[in-house]
Structure formats: C-alpha cells, structure tokens
Amino acid sequence: MENFDLAREIAGNPLTPAEELRALSQSKDALVREKVAGNPNTSLDTLWKLAIEFPERVLENPVLPLLFLEILDPIAQIPRKTLLKLFSCENCALFYQPLLNPQNRFNMLNVARYNCTHPSILRKLMSDRGENRDLRDAIAGNSSTPAELLVQLASDSDVSVRCNVAGNASTPIPILQQLAKDESYRIRDAIAGNSSTPAELLVQLASDRDVSVRCNVAGNASTPIPILQQLAKDKNYDICRALASNPRTPADLLAQLPSERDISARSNLARNASTPIPILQQLAKDENLEIRQALAGNSSTPAQILAQVASDSASAIIPHNSQSRFCLGICHSVASNRNTSALTLEQLFLIDDDGIRRAIAGNPNIPLEILRQLAKDENLAIRVGIAGNSSTPAQILAQLASDRDVWVRCHVAKNVNTPIPSLQQLAKDENLEIRLALAGNSSTPAQILTRLASDSDDSVRCAVAKNVNTPIPSLQQLAKDENPVVRCAVAKNVNTPIPSLQQLAKDENPVVRDAVARNSSTPTQILARLASDRDVSIRCTIAYKFNTPIPSLQQLAKDENPVVRYAVARNSSIPAQVFAQLASDRDASIRWNIAKNVNTPIPSLQQLAKDENHKIRYAVARNSSIPAQVLAQLASDRDASIRYTIAQNVNTPIPSLQQLAKDENLEIRYAVARNSSIPAQVLAQLASDSYVSIRWNVAKNVNTPIPSLQQLAKDENRKIRYAVARNSSIPAQVLAQLASDSDVLVRRTVAKNVSTPIPSLQQLAKDENPVVRDAVARNSSTPAQVLAQLASDRDVLVRRTIAGNASTPIPILQQLAKDENPVVRDAVAVNSSTPAELLVQLASDSDDSVRCTVARNVRTPVPSLQQLAKDENPVVRDAVAVNSSTPAELLVQLASDSNDSVRVPLLVMSALRFPVCNSWRSILTLILARWRRND
C-alpha cells in the first residue's frame, strides 16, 4: 500500500528528480498529485496532464515563467484540453499574450467558445481583438460571457453574432426582448429555441410570420400550453413534428396532431412520454422500424405494448436478413425499458445476443432465476449490470462483492441493497473508486462513513460530506477540512448542524459561503447575516430565496448593485411594501420584473401601466393578474404591441374589445378576432372587416353567430368559406349552402362533416370530383342507400373506402368482395365488420395480397387458416404464422415449412405469442423436434 505521508513529502521536495515526480503524478492520493503540480522540478508534459485537475496550482508553479523564456510558442506545446482548463482560471496572464499571436487564432477561438473560460479573459479578448468577427461570434455564444458583453454584442452589425446572443441561455431578458424585434428571422428563430426565453416572448413569437420561428416555439419546453394549442392549428408539418416532440404538449393535443402521412411526426409521438396510450397502441402497429424503436425506448410505453413490439421485432430476426440488426436494437430497447414485464424479459432472454442480456441484467424487473444465471456470466458488462441492479438480492450482492473485477465490486459498493457485512468488507478495499462509491452510498453505515471522513483522497471526503447519512461529528470535522471543495459539500448538506453552518458562513472562500446561502436548512439569522456579504453573488442568492426575512429583503431592495435588486424583484415572497419600493426603481429591468410578477399589488400595476418605458407597460399588459380597470387603461396605449396584447387577453372588458375591433392597426383587430372570449356582437362587427385573416378567424370561431356564418359562407375568398365549413358550430342550413360551393376543398369538408344533412350527402355523392365522393364514403353518418350508390362508383379509391367503412351494410360488402379490382377486395378483407363467410370466400381469392390479408385477420375462421397454411405463396403462409389466432397445432405444422421466412421465427414467436398459456413450452418442444427431424 502506498505511504501517502511519505509520498506527499517527496512530491513537495524541489530536489526530487523529474522522473520520480512523473511517477508520483499517477498517485491515488489527490494531495500528492497537487504537490507534484506545484513542484518547480516537474517536467512540462507532466504539468500539462496535471493542469486538467489542478489548473490553479500549475499556474502558481514558479518554474513556468522560466520555461516560457525557452519556448518560442508555448501555446502550441499545450494540449487543447489543458489549455482550456488553464483559461478557466483568472490568474493565467502568462498565457494570455501568446494566445493573441496570429498563429494561435484557432486556439484563441476555442478559448472564447469554452463555457468555463473565466469572464475576465472574455472581457480582455473582447477589448483586444473585438474587431475579429469570428471571436465576437464565439464570445456571443458562450454561457460564461458576462451580461455587459452580451448587451454590447446584441447590437453587433453581424447577424451571426446577434444570433448567438439570441440563443445564449445567459442573455438578460431585456436583451432578448430587444432582439425579438430584429428583422432577421435567424435571430428570432434562436430566441424561440432559447430555453431561457420568457413565456411572454414565446407568446409574441408564436405569431411570427416565419415558419421556422413558430416551429422552435412549438418545440420549446417553456412555451405556455394555450400557445401550443394555438400552434396545433398550424398546417405546417415541421410545427406538427415539433409539437409531437415537446414534453409539455398535453395528451389531448398530441391526440389531435395530423401525423398519418409524416414519419417524423409519428416518430416524435412515439418518443414523447406524454403521448396517450391509445396513440401508442396505434403506433405499435406501424410498419416503420424507427417508430417501433422509438416506442421501445419511451419511458411511458406500457408493458403490453412493449410485449407486442418485442414479439413483432423478434419474429423478424432471421439469419442474413438486412433488418435483423435493427430488430435486435428494438429488442435491446425493450429489454432496457423499466416498464417491460418479467415475462417479456424471460422471453427476450431466449435471443442469443450479449447486448440484450446486458440490458436485461440492468432491468429491475428481471426474473430471479435469470438474475442468478447472469450473476455468474463471464461477460464483465453483464455482471456489472447485475451488481448495479436495484432488484439484485442481498445474497447475490454478497457474492459479487468478492468478484475479481474492480468495476463489479465498485457497483456493489454503490448499490443501496448491499448488506452491511459486504459494505464493511469493501471498505477495506485499496481501490479509490470503491471507497468513493461507498462514500456516496446512502446505505453505508455511520461507522464506515466516519472512517472515510479521514480518507487521504479529497474526492472521498467530499462524497462523505455530501452523504445525508454522515454522522454529525464527521460533518463538524469536515467543515474544517483544508480543501474548500469539501467544505462546500458540507455547506450544502441539509443535515449540517447550525454551529457548523455559522462557521462556514464566515469562510474566506465565497463559494463556500454561497453554498450556505443556498442550503434549505440554513436558519434565518444566518441568511440575515449573509444579506450583508461583500460578495455580490451571495447577496443575489439571498435575494432570490423564498425564506429570506422581510427586513433583509427590504435592505437588499436598496442594494447599490442593480443585479441584487433585480434578484429581489424576481422573488415570489416579497411583501407589498417592497413591491411598491421597487416599482419606482431607477433601473428599468427591475421595474420590468415587478410589472410581470403575478403577486404585484394592483396600485403598483396601475403606477407601472403609466411608465414611460413601453417594455414595462407591455409587461403589465402580459401579467395574468392584471385587473379589468388596468386592461381598459392600456387598451388606449399609444404602443401598438401593448394594445395587441390587451386584444389577446381573455379578461379584457367587452367595451375595450369593441374599441380595439375598430383599431386602425389590422394586427390588433386580428388579435381581437382570435380572442376566445370575444362576444357575438364583436364577431359580427369583424365579419365585415376588409382584412382576409380577420374574417378567416371569425369564420372558424365557434361563437360566431349564425347570420355572420351565413354571410361568410358567401365570401369571395375560398379560404374563408373553407373555415366556415370546418367550424364545429356550423348549422345544417349553412352546410347545405356550402355543399354547392365552387371550391372542391369546401365541398370535401362538408362531405366529411357528420352533421351534414342527408340530402346534401346525397348531392355530394354525385359530385364530379372523386375526392368529394371519397369523403362522403368515409363519413360515419352517410346512410346505407348512399353507401350502396357509392359501392358502384367508377373510381376505385371510392369503392375501396366503402369496402373499408365499418358502417357499410353486409350486402354491399358481399358485392364489393366480387369487385374486379383486388385493392377493393383487400379492403373488404381488412374491414372489422366483414362476416366470417365473406372471409372464407376471400381465402380462395386469386390475388396473393387479398389472401395474405385474410391470413392476417384475427377473425378468419380456423378452417380457412388451415387452407391458407398450405397456400403456394410463402408470404401467405408467413401471414398465417404471425396471426395471433392461429391454433398451436397449425404452428407445429408450419414449423416444417420449406421456406425459412415461415419457420425460422416460430421458435421465438411461440414464446411471445402464448404468454398466458401453460403449454407454450411444450409447443416449443414440438416445433423444435419437428424442425430437427426436417434438418
């Protein structure tokens, strides 16, 4: 075992040879490695490696200035990762000047892009090389860039620079508001995709004229649900895909998305954890393998759908088949999914694939018998999975605690179910990673944590300091640790005793004091003391905290630093008197925060509604707590964007809406037309507006009065008549009027409407356009006599629709089952209303695809399945093999099929198809025996 005390002494000795220092740089003890980093005799290559872990100590090494005298271009000698780490420190002046050399341009840009670069370096680069467009572009996109630089870069003449500022999560909100009005769509696009963009800006961008901007708003997890609902009405497929991928899109909205013809949208729906189960069930039948892969990885996919996906994918794993690798990947995802049942995992275990077994090893639903088998597997990754599995029982963990491989033991040390004797055994292990795992395990007993609190390695002590089970005496000991990172971990621990927090609140390191300020267990008297801390960031932390005492908030609201006052303004717990004080603050960004705070008292909102800064009045207009009298006041504001916001507000008084409906600005009238609270008299007024989009919004509003709908149904613009036809409140007389419209889309929409009167459906069934007749055929309200008429339609697609309509009477289905076109007969075979006798008839159809469809139909009678199992076409026989209604004896027969595509999948399929049948193992045995005889 390494003698750490001796190693530390040698590592700190400036006479120690470079070769010995290189060996000590690999020590397990962090303090030894740190002393090597500060030793003036350490070679450059060793220093560059240690600089990744101890950049500040390397920069303090007295030999660096001397070495730089011997090297013409020191920057070129330093590995990229090391260079970036060095520039994350403030005291790297020695490297700064060489970085500015023209030959180091690439490295300079890397430093400017690196998100951990110290802000002081970014300020210097901007000052010395600000004329370089690429440098400004890199700094604009850096999340560490100080706010004042972002403010400066927001007005840059280069679009790409402004675009990076717009996409930067650290950009202040007032700057984002300024950039949201930029004429370049790229900048608005970046704001729409920025995770820090506030809801009110996303609302504004949701109506942007550029589709890519609206698309990014649709995909932004911060977008309010009403805006997502508004965007769901957009016909653009990219917006549909973005909504389908957004985790905040509500389930009812996901169900409405038109995804039938768009693979990307269906794939996003399959991945989305909010997608309703009925849609997931529908997607599980999709032929596209990527969609089944997405379903298999979705954390919300229920067990029965995962079983179905596993069954379909396992059946396609055939030797030398190009899709087999993809299907193996799907099975792997199912095996990894925490919703997969033990039975499905047991069936997937039959597939001979290491990747699937590794996934099963890590699944908490793994059956105990398989778990025991895999714990002895020679594959290291599989044993690691078992060691880390939360379902692994104590006796198997005890067995793995003595595993020959350190990573297996390490995962046992992390497992909260590991028995105490095994943890005690592992605590004696020399390996640092194992001690580190024990220190972080919430089940590690107090006596082991006490021992580890004195460990020579900083990272182990830090892990002990973070552990909620660490005894109080150990936390008190660690609160005095020489390493500030360890003290910081103690300061964050919610169990740290108050005396230790009081001690740490006076720590010389501001990061430690900030951790005390953030600790939810810190008492109010310590928070009150930290409210006067000399460090701005700590005062900011106190200003944000909901439990900061009111006197401290009042004190911080007068802080000389506007950043601190800004933090107070964003605190949801500030009292009314602080609101009133900040509503008169000289800094506009602070008044803006008060204006948008939902807890701001009405008198303060009334005061801010008269503010000379239009952004502040706009924030008041967006405030969801704004009272009616302030809405009425702002409805006459000189700024169009504010009147637009009031026009959108569902709480705006009716007189104000009537006033805004006459506004000279058409965008404002448009907003009134889209307001869901707009009364009938205002809708009637806007139905005669000269602007097409306004009349279009009135036409689709479910509250539009009938006389206005009748008027709009005669509008010269076809889009408006189309909107009327789609209105769910449209009365029968208006539908009848539009059934004779000159536009085919309007007539098609009427033909699809279940409320369309029967005479109009009869008229539309004779329409010259087959698209209209097809819509009538799909309508569930179409009467039998009209369906009978369309069953003889000259267009094959119309007849196919009738054949697939579940409402079609049986006599008509009998007629269509004899249609000359196989597409029509195939639709009859799919129809859920087709009776058994028709399926028997179609089982002898001359067309292969029709017989194949009958073979897949779960309602096909067994005699017909027996007939189709002998079909000359192997595709038909294969369809019988995958039919869940095929009896066991027929599967045994198909196991002897001469075609591989029929018989090979049956081994796995039998297990997956009979999950509740006690005899499935015997069926497998019969199939295997028959197969071996044939081979």
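None of the values given here were measured: they were computed from a predicted structure.
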Inter- and intrachain pairs under side chain to side chain donor-acceptor pair (under 3.5 Å), touching residues 631-640, at least two apart: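 Side chain to side chain donor-acceptor pair (under 3.5 Å) check on residues 631-640 returns Arg617-Asp637, Ser636-Gln659, Asp639-Ser641.
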Qualifying salt bridge (Lys or Arg N to Asp or Glu O under 4.0 Å) pairs, either residue in [range], two or more places apart:
| range | answer |
| --- | --- |
| residues 199-219 | Arg188-Asp208, Arg214-Asp234 |
| residues 825-836 | Arg825-Asp845 |
| residues 724-746 | Arg718-Asp743, Arg721-Asp741 |

Just so I know, are the side chains of [X] and [Y] near enough to count as touching, which here means a heavy-atom distance under 4.5 Å?
| X | Y | result |
| --- | --- | --- |
| Thr853 | Asn857 | no |
| Ser780 | Val754 | yes |
| Gln762 | Gln785 | yes |
| Thr275 | Thr249 | no |

Minimum heavy-atom distance Ala206-Leu231, with the two atoms named: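 Looking at all heavy atoms of both residues, the closest pair is O-CD2, 3.7 Å.
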Side-chain donor/acceptor of Ser656 to backbone N/O of Ala635, under 3.5 Å: no
Ser267 side chain to Arg271 side chain, donor-acceptor N/O pair below 3.5 angstrom: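 Distance-only check passes for Ser267 and Arg271.
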Working for side chain to side chain donor-acceptor pair (under 3.5 Å), residues Asp182 and Ser184: CA-CA 5 Å; Asp182 200 285; Ser184 170; 4.7 Å; no
Set of side chain to side chain contact (heavy atoms under 4.5 Å, CB included) partners for Ser690, sequence neighbours left out: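 In terms of side chain to side chain contact (heavy atoms under 4.5 Å, CB included), with neighbours along the sequence ignored, Ser690 is linked to Arg669.
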Counterpart residues, side chain to side chain contact (heavy atoms under 4.5 Å, CB included), relative to Asp848 (two or more places apart): Arg851, Asn873
More than 12 heavy atoms of other groups within 6.0 Å of Glu290 CD: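 At most 12 heavy atoms, drawn from other residues, nucleotides or ligands, come within 6.0 Å of this atom.
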State the [atom1]-[atom2] distance between [X] and [Y], to the nearest 0.5 angstrom.
| X | Y | atom1 | atom2 | answer |
| --- | --- | --- | --- | --- |
| Arg643 | Thr652 | CZ | OG1 | 13.5 Å |
| Leu787 | Ile812 | CG | CD1 | 5.5 Å |
| Asp312 | Lys285 | CG | NZ | 11.0 Å |

